[in-house]
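In what follows, a single structure is set out as structure tokens and then discussed.
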Amino acid sequence: MGKKILLEHIDIPGIQGYEAYRKVGGYSSVEKALKMAPNDIVEEVKKSGLRGRGGAGFPTGLKWSFIDKKSGRPRHLVCNADESEPGTFKDRFLMEKTPHLLIEGMITSSFALEAHLSYIYIRGEYMWVYRILERAINEAYANGWLGKNIKGSGYDLDLHVTCGAGAYICGEETALIESLEGKRGNPRIKPPFPAVSGLWGNPTVVNNVESIAVIPWILNNGGEEYAKIGIGKSTGTKLISASGNIRKPGVYEIELSITVDEFVNSDEYCGGMESERPLKACVPGGSSVPILPANLLFKTAKGEDRLMTYESMADGGFATGSMIGSGGFIVYDDRACVVRNTWNFARFYHHESCGQCSPCREGTGWMEKILWRLENGYGSMEDIDVLWDIQRKIEGNTICPLGDAAAWPVAAAIRHFRDEFEFHVKFPEKIKNREHFVAEPWEKVKHLLMKEEVLV
Amino acid sequence: MSEIKFSERLNERINVLISRFPEDKKKSALLTILHEVQDENNHVLTVPLMDKIAEILSIKPIEVYEVATFYSMYNHKPIGKYMLEFCHTSPCCQKGVENLMDYTCKKLGVEQGQVTADGMFAVKGVECLGACGYAPMLQLGDYFHEFLTPEKIDKLIEDCKAGKVEMISKV
Ligand SMILES: Cc1cc2nc3c(=O)[nH]c(=O)nc-3n(C[C@H](O)[C@H](O)[C@H](O)COP(=O)(O)O)c2cc1C
Ligand code: SF4
Ligand code: FES
């Protein structure tokens, strides 16, 4: 059994409530923190090597050390619980099961940042989880862990939960801040970074739910202890949301060192494929990261075992690798059509583009249209090249990374599955039905394309 | 002054939400207030309702409209009493949600995006709801219905008709 840090207590009856949580040592990290110097906590987090679990993997301790403590302005910690990256549902699981773990993490982290007013921003669709958090925060106030002079330490902290209303872009940290200010979720141009000017112009740290929920353990056990788990710069454990055609979809906590093969095929995790249909492809880190064909999932291009770590998942760059991202691990068997799937993601990004930058606003729409055409048998060979061109022109040319997030999946799909796109152009009658590869998987029909090429 | 009167419960709730922000940052409560107001007013945010919210928050009406039109969870037209919002993003599609939506539409005699003639039901495709591992799924009110099958859809629709389905979560 792998080590459990975040999910250690989730099966304890009543753990959603304060009493049960306190009984298993809940809130002890706050007791410890209140006796420490705030900057020593930041140092401890640095030592842990913890990397942000929201997707970008930026070192959390380092981010905390950037917060402006000199200007004398009020500081804020904002927890990003917007979780909308397709394939990702771990934060919801954590908040639903152990809301107090997140609240404890928020208090300890706020103390480290010397913040006195902090927020959890949760996506509007998680309304019942919002209520769970609201209840848990009320319990924390009632038991003296929030409010004025916490446990006689002289430290004051107010913590509240607030919600969004259906906009993926509000997961981007500056859009989240705008939304938290009661505005449209339009990302801000950086710099200034939130650490200097964030919520209401005050120095602000934005962290993912999972990043904050692991802080109590790090403080209780020490950063060095945390860094012993995992490999290299991938320290600790990570929650993976597993979905698609596996036997046991769900949220798993893994040590950042196991192989992808173990994760997919062992009974401790996904339990292998759901049927005898073979694995075709995997999106290992949420919809934004490059799709990997089966042959590059378990092994890197160099033939080494691929591991569930930041480095190994990225091995080979975008040519033959991908990213661990938010840990949204989507497995596709051979019923999946890569063209259809890419169109589906393109529709998502087009729908979610905030519309501020033309490459993203227009480009995502064009990509969606062209992919629809290809998927439905109205595409041409040039369409594939145009698609390639559009995604290249979005990447790196926008205010926020949503543009890149929309471009990468398209690029990877063409890179690894170009022949499938061509098949859609050459055999429109074969792909009319949306379940075309259900009846006849790609492996069974791809010889048609080869034959055609020989003839030409 | 607006003609609209909110219920006592709603006014109290709005005050609680506003109290979570600094005195001069009341506007931050806007998104949450819009949810609460919509919940109490047949799921639709009309102009008079939005104007009333602007008045309460001491902001310009346009500041409310621009937010209310940006986010997908706010409605400006009547929706069915029971709006079945199926997630139609890739992981759910891989688990057959498209066929299930076809099934539901056929059963209710509507197309996607339409409301049934009696105003009871609507079927809509929405983007990933964070339940990909429990696919196929739909959202109804504040709650998720997961691992759906045609049988479960039949049961859900019956329960709705019988008024047995919980829609709004409470603190
Ligand atoms: C389009 C877009 C969507 C994002 N969505 C989320 C999200 O839902 N949750 C999240 O934690 N981070 C999300 N991020 C990353 C945040 O901007 C930010 O990096 C993160 O919350 C920082 O937390 P961490 O350092 O703990 O990972 C998103 C980024 C982009 C560009
Ligand atoms: S890249 Fe897209 S989502 Fe991001 S700011 Fe520009 S238009 Fe908005
Ligand atoms: S894809 Fe349907 S809930 Fe995520």
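Chain identifiers are assigned alphabetically (A, B, ...) following the order of the sequence lines, protein sequences preceding nucleic acid strands; residue numbering begins at 1 within each chain.
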**Report entry** Interface residue of largest heavy-atom contact number with chain A, from B:A131, B:A68, B:S90, under 4.5 Å
**Finding:** B:S90

**Report entry** Passing candidate, side chain to side chain contact (heavy atoms under 4.5 Å, CB included) with B:L140, options B:E166, B:M167, B:M83
**Finding:** B:M167

Query raised in the report: Using a cut-off of under 4.5 Å for heavy-atom pairs, which of A:G355, A:S179, A:C354 has the most such pairs with chain B?
Result: A:S179

Requested in this report: Mind running side chain to side chain contact (heavy atoms under 4.5 Å, CB included) on B:V47 and B:Y65 for me, showing each step along the way?
Outcome: CA-CA 8 Å; B:V47 171; B:Y65 308 158; 3.6 Å; yes

Query raised in the report: Where on A:E125 is there a heavy atom nearer than 4.5 Å to chain B: the side chain, the backbone, both, or neither?
Result: both

Query raised in the report: Donor-acceptor pair, A:Y349 side chain versus A:S288 backbone, under 3.5 Å?
Result: yes

Requested in this report: Check for a donor-acceptor pair, side chain of B:K60 on one end and backbone N or O of B:A54 on the other, with a separation under 3.5 Å.
Outcome: no

Report task. Give, as side chain, backbone, both or neither, the part of A:Y168 having an atom under 4.5 angstrom from any heavy atom of chain B. Result -> neither

Query - Lys/Arg-Asp/Glu bridge criterion (N-O < 4.0 Å) met for A:D334, A:K280 - result: no

Query raised in the report: Is the centre of the A:F263 ring less than 6.0 Å from the centre of the A:F329 ring?
Result: yes

Query - Contact origin within A:L199 toward chain B - heavy atom pairs under 4.5 Å - result: neither

Query raised in the report: Donor-acceptor pair, A:E85 side chain versus A:S287 backbone, under 3.5 Å?
Result: yes

Requested in this report: Write out, in numerical order, the residues from residues 19-38 of chain B with a heavy atom short of 4.5 Å from a heavy atom in chain A.
Outcome: B:R20, B:F21, B:P22, B:K25, B:K27, B:S28, B:L30, B:L31, B:T32, B:H35, B:E36

Query raised in the report: Is it the backbone or the side chain of A:L159 that comes under 4.5 Å from a heavy atom of chain B, or both, or neither?
Result: neither

Report task. May I ask you to say whether A:E375 pairs ionically with A:R347, meaning some side-chain N is under 4.0 Å from a carboxylate O? Result -> no

Query raised in the report: At a heavy-atom separation under 4.5 Å, does B:E66 approach chain A through its side chain, its backbone, both, or neither?
Result: both

Query - Portion of A:T88 that has a non-hydrogen atom of chain B nearer than 4.5 angstrom - result: backbone

Query - Contact class of A:R92 relative to chain B, heavy atoms under 4.5 angstrom - result: side chain

Query raised in the report: Salt-bridged, A:R434 to B:D102, with N to O below 4.0 Å?
Result: yes

**Report entry** Atom group of A:C337 that falls short of 4.5 Å from chain B, counting heavy atoms
**Finding:** neither

**Report entry** Residue-level contacts of residues 94-101 of chain B with chain A, using a heavy-atom cutoff under 4.5 Å
**Finding:** B:Q94, B:K95, B:E98, B:N99

**Report entry** Side chain / backbone / both / neither for A:A336 at chain B, heavy atoms under 4.5 Å
**Finding:** both

Query raised in the report: Which bit of A:L180 comes within less than 4.5 Å of chain B, counting heavy atoms only: side chain, backbone, both or neither?
Result: both

Query raised in the report: What do you reckon, is NZ of B:K155 surrounded by more than 12 foreign heavy atoms closer than 6.0 Å?
Result: no

Requested in this report: In plain terms, say whether B:E127 and A:R123 are close enough for a salt bridge, that is, a side-chain N and a carboxylate O under 4.0 Å apart.
Outcome: no

Requested in this report: Report yes or no: does B:E85 contribute a side-chain atom to a donor-acceptor pair with the main-chain N or O of B:V126 at less than 3.5 Å?
Outcome: no

Query raised in the report: In terms of heavy-atom proximity below 4.5 Å to chain B, should A:D333 be classed as side chain, backbone, both, or neither?
Result: both

Query raised in the report: Yes or no on side chain to side chain contact (heavy atoms under 4.5 Å, CB included) for A:W200 and A:H76, after CA distance, side-chain angles and deciding distance?
Result: CA-CA 10 Å; A:W200 306 310; A:H76 307 287; 3.7 Å; yes

Query raised in the report: Using non-hydrogen atoms only, which part of A:F345 is less than 4.5 Å away from chain B: side chain, backbone, both, or neither?
Result: side chain

Report task. First locate atom CD of B:Q139, then atom NE2 of B:H145, and finally report the distance between them rounded to the nearest 0.5 Å. Result -> 9.0 Å

Query - Sidechain N-carboxylate O distance under 4.0 Å for B:K52, B:E40 - result: no

Query raised in the report: Between A:E83, A:R340, A:R184, A:M127, which shows the greatest number of heavy-atom pairs under 4.5 Å with chain B?
Result: A:R184

**Report entry** Pair B:Y134 and A:F89, ring centroids less than 6.0 Å apart
**Finding:** yes

Requested in this report: Assess whether atom CG of B:D154 is packed by more than 12 heavy atoms of other residues, nucleotides or ligands within 6.0 Å.
Outcome: yes

